[in-house]
Amino acid sequence: MTASGEAVLSVVLQLAPALLIAGILVSFVRLVRGPSLSDRVVALDLIATLAVGIISAQTVERNDDVFLSLAAAVALTTFLGTVAFARYVEKGRLE
Amino acid sequence: MNAWITSVLMLAGALFMFLAAVGILRLPDLFTRMQATTKAGTLGIGCMLLGVAANFGTLSVTTRAVLVILFFFLTAPVAAHMIARASYFVGLPLYHGTVLDELRGRYDPQTHVLESPAGPAVEEGPREPEPGETEES
């Protein structure tokens, strides 16, 4: 039971980062094409969220909980960047 | 047993986040795209971090994972609201099939203050110019 669970988990740990990297590539298309600045900001936000997902998959795969702190740091930085971009879109300048 | 729970949560989270990426590519305008990324992305990252917590099963890892989940649940709606609000003021075009825009004509374009309607709230149906809307701009 436990052995097969480990086998399934190792397959999932190969599959999940592949899905997330495919998601990053797909949202990169929107980042390049996106007609407005806001579309690009949303695409960057999603790419950072997908990166946090990849980091959490690495946390399980490497069995090292230091990566979780890294995920928290990336999440914090992303939020600050998104808020700054939103203010820039609304006011046309950073102040 | 923990490996099974982690596998299911990780796979579900990765699928939701991939669907969010498909949504940002396929949906027609910014606001619908944002609806896909914010909701599906947040659910996906929540599932994946819960999977991390289930894999380790210790207090310190679970605390940090729940902290990151709470942070995402707090900040994702705030960030999405700020971008959507800014884009609405800038005048980003809506999808041509949009049937209802409740904010139309309610925002002061200069001060960005939301004004309450005086009369009955919102007319249903396709968008029509309301009386008094044209003279503001």
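Chain letters run A, B, ... following the sequence lines, proteins first, then strands; residues in each count from 1. Since we're looking at a predicted model, the values are computed, not measured.
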Most heavy-atom pairs under 4.5 angstrom with chain B, which of [options]?
options	result
A:Ser56, A:Ala72, A:Ser27	A:Ser56
A:Leu25, A:Asp45, A:Asn63	A:Asn63
A:Leu19, A:Leu20, A:Ile24	A:Leu19
A:Val83, A:Thr82, A:Leu13, A:Asp65	A:Asp65

Worksheet item: Taking the side chain from A:Arg30 and the backbone from B:Ile24, do they hold a donor-acceptor pair closer than 3.5 Å?
Response: yes

Worksheet item: Run the side chain to side chain contact (heavy atoms under 4.5 Å, CB included) check on A:Leu9 and B:Asn55 step by step: do they pass?
Response: CA-CA 10 Å; A:Leu9 182 59; B:Asn55 181 63; 4.0 Å; yes

Where is the tightest heavy-atom contact between [X] and [Y], given as atom of each residue plus distance?
X	Y	value
A:Val8	B:Trp4	CG2-CH2, 3.7 Å
A:Val12	B:Leu11	CG1-N, 4.1 Å
A:Val26	B:Ala21	CG1-O, 3.2 Å
A:Ala57	B:Met48	CB-CE, 4.2 Å
B:Ile83	A:Ser38	CG2-CB, 4.1 Å
B:Met17	A:Thr49	CE-O, 3.1 Å

Under a 4.5 Å heavy-atom cut-off, does chain A meet the side chain of [X], its backbone, both or neither?
X	value
B:Val52	both
B:Ser60	side chain
B:Leu92	side chain

Discussion item. Within a 6.0 Å radius of atom CZ on A:Phe28, are there more than 12 heavy atoms belonging to other residues, nucleotides or ligands?
Written reply: no

Item to complete: Give a yes or no on this: more than 12 heavy atoms of other residues, nucleotides or ligands lie within 6.0 Å of atom CZ of B:Phe31.
Response: yes

Worksheet item: Side-chain contact, heavy-atom cut-off 4.5 Å: B:Leu74 with A:Phe79?
Response: no

Item to complete: Taking the side chain as every heavy atom from C-beta outward, state whether B:Phe72 and A:Val52 have any atom pair closer than 4.5 Å.
Response: yes

Under 4.5 Å from any heavy atom of chain B - which part of [X]:
X	result
A:Pro35	side chain
A:Ser69	both
A:Ile47	neither
A:Leu15	side chain

Discussion item. How long is the straight-line distance from CG of B:Asn2 back to CD of A:Glu6, given to the nearest 0.5 Å?
Written reply: 9.5 Å

Worksheet, complete the sentence: In this structure, CZ of B:Arg33 is separated from CG of A:Leu46 (nearest 0.5 Å) by 12.5 Å

Worksheet item: Do you know which of A:Val41, A:Asp39, A:Val42 makes side-chain contact (heavy atoms from CB on, under 4.5 Å) with B:Met34?
Response: A:Val42

